[in-house]
Amino acid sequence: MPELPEVETVRRGLAPAMEGALIRRAELRRPDLRFPLPPDFAERVEGRRIVSLKRRAKYLIIALEDGQAILAHLGMSGSFRVEEAQPAGAAEEEGQTPGLFYIPRGKDARHDHVVLHLERDGQMAQVVYNDPRRFGFMDLAELTGLDSHPFFRTMGEEPTGNGLSPAYLAARFKGKAQPVKAALLDQRVIAGLGNIYVCEALWRAGIQPALASGQLVRADGRPGAKLVALNTAIHQVIAEAIEAGGSSLRDHIRTDGTLGYFQHRFSVYDREGQHCPRPGCGGTVARMVQGGRSTFFCPVCQR
DNA sequence: CTCCGCTCCTGCCGGC
DNA sequence: TGCCGGCAGGAGCGGA
């Protein structure tokens, strides 16, 4: 599910429950997710205190006091939820588990793969990782030198920082025949974009997704006007999505009463057949397949 | 090196 | 109602 704004929303939701807490026990209910978990995962985290929660691209980084970090990627269907210990009789009134994300109890419990039992100020809580498709993965690594970890070594610029600029994109796109849609999904170029926000950014910039990315660069190597617009669109759509608390699709629903509202603001994603929302355009949102994945776009104003 | 297609896994939805 | 094919937010891999 999650792209960068969703992972950032998860980070902000988990931080109050996790920062400063002691990991009493780590429960691995299976030895692997997408990849094998470190065999000594539990013994390496048990008894350690969580210092802070960070994020890099779509990775959640749980920093421990001993300099290690739990690295977690949610894949397509991963989610975390917090279950606070309740006084006897106080819980389960609504059949709903207090926590960041609501997953019907019983239905998906078999996909609860990792449980961190936390203690802080004498209060116990569980942080549960659930992932039906098991495309997510976790690892343990030293926080120092994390940039050279295989997950991060080749990673490109964050779409939230100044590193992502028209000049950067021009340098990366120059001479490339790859469609701009595919180039934007490449985490080595921009780290954190996924299918939704790539579609949205291309629509905002008025760029045809199948256009060769090199076509957005001028012969002298400088960014063309469309590439400048694309850079702005990426920054803006990601900032707005983070501000809105990400998008909640399907069963990925937050239980603090708020949904991630950004999906109500999609202009083209999952809107095939609907009117293009650009004023005066009059086009109809279309869907095509690129690299085996859906691209939603307006054939009239994206060219 | 680039680029494409395939693959992992489960759940859901729409069509017949 | 039930079955079946298609599709889903990601990304690593092999091969051309």
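Here is the naming used below: chain letters follow the sequence lines, and residue numbers restart at 1 for every chain. The figures here come from the full heavy-atom set of this structure, side chains too, leaving out hydrogens, waters and symmetry mates.
Around the CD atom of A:Glu243, the shell of radius 6.0 Å holds no more than 12 heavy atoms that belong to other residues, nucleotides or ligands.
Under 3.5 Å, the side chain of A:Arg134 and the base of B:dC9 form no donor-acceptor pair of N or O atoms.
The side chain of A:Ser294 contributes an N or O atom lying less than 4.0 Å from OP1 or OP2 of C:dA8. Between A:Gln178 and the phosphate of B:dT2, there is no side-chain N or O to OP1/OP2 separation shorter than 4.0 Å.
A:Lys174 places its NZ atom 17 Å from the C1' atom of B:dT2, with the value rounded to the nearest Å. With rounding to whole Å, A:Leu74 atom CG is found 17 Å from B:dC8 atom C1'. Taking atom CD of residue A:Glu272 and atom P of nucleotide B:dG14, one finds them 14 Å apart after rounding to whole Å. In this structure, the CG atom of A:Asp186 is 9 Å from the P atom of B:dT2, given to the nearest Å. In this entry the distance linking CG of A:Asp32 with P of B:dT10 reads 11 Å, nearest Å. To the nearest angstrom, C1' of C:dA8 lies 17 Å from CD of A:Gln290. Across the protein-nucleic acid pair, A:Asp270 atom CG and B:dG14 atom P stand 11 Å apart, rounded to whole Å. Rounded to a whole Å, the CG atom of A:Asp131 is 12 Å from the C1' atom of B:dG11.
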Revision key, fill the gap. Nucleotide by nucleotide, nucleotides 11-16 of chain C touches protein heavy atoms under 4.0 Å in the pattern (B base, S sugar-phosphate only, - none) BS----
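At least one side-chain heavy atom of A:Tyr197 sits less than 4.5 Å from a side-chain heavy atom of A:Ile238.
Scanning for ring pair (Phe, Tyr, Trp, His ring centres under 6.0 Å) contacts around A:Phe173 gives an empty result, with sequence neighbours left out. For A:Phe137, the ring pair (Phe, Tyr, Trp, His ring centres under 6.0 Å) partners at least two apart in sequence or on another chain are A:Phe35, A:Tyr59, A:His73, A:Phe151. Taking A:Ser294 as the reference, A:Arg287 meet the side chain to side chain donor-acceptor pair (under 3.5 Å) condition, with sequence neighbours excluded. In this view, A:Arg218 and A:Asp220 satisfy the salt bridge (Lys or Arg N to Asp or Glu O under 4.0 Å) rule, not counting sequence neighbours.
Salt-bridge check for A:Asp32 with A:Arg134: failed, with every basic side-chain N at 4.0 Å or more from each acidic carboxylate O. A salt bridge links A:Arg265 with A:Glu240: at least one charged nitrogen is closer than 4.0 Å to a carboxylate oxygen.
Look at the P atom in both B:dC9 and C:dC3: the space between them is 24 Å, to the nearest Å.
A:Ser213 and A:Lys176 share no side-chain donor-acceptor pair at under 3.5 Å.
Note on A:Gly194: only backbone sugar-phosphate atoms sit closer than 4.0 angstrom, heavy atoms only; bases stay farther off. Across all strands shown, A:Ala182 has no heavy atoms under 4.0 Å from either base or sugar-phosphate atoms.
Atom CZ of A:Arg204 is separated from atom CZ of A:Arg278 by 10.0 Å, given to the nearest 0.5 angstrom.
Where DNA chain C pairs in unbroken runs of 3 or more (Watson-Crick or G-U, both distances under 3.5 Å), the stems are B:2-8 with C:10-16, B:10-16 with C:2-8.
Candidate nucleotides B:dG11, C:dG9, C:dA8 were compared by shortest atom distance to the side chain of A:Pro132, and B:dG11 ranks first. Of the listed nucleotides (C:dA8, B:dG11, B:dC3), B:dG11 has the atom at the smallest distance from the side chain of A:His111. Candidate nucleotides C:dA8, B:dT2, B:dC9 were compared by shortest atom distance to the side chain of A:Phe135, and B:dC9 ranks first.
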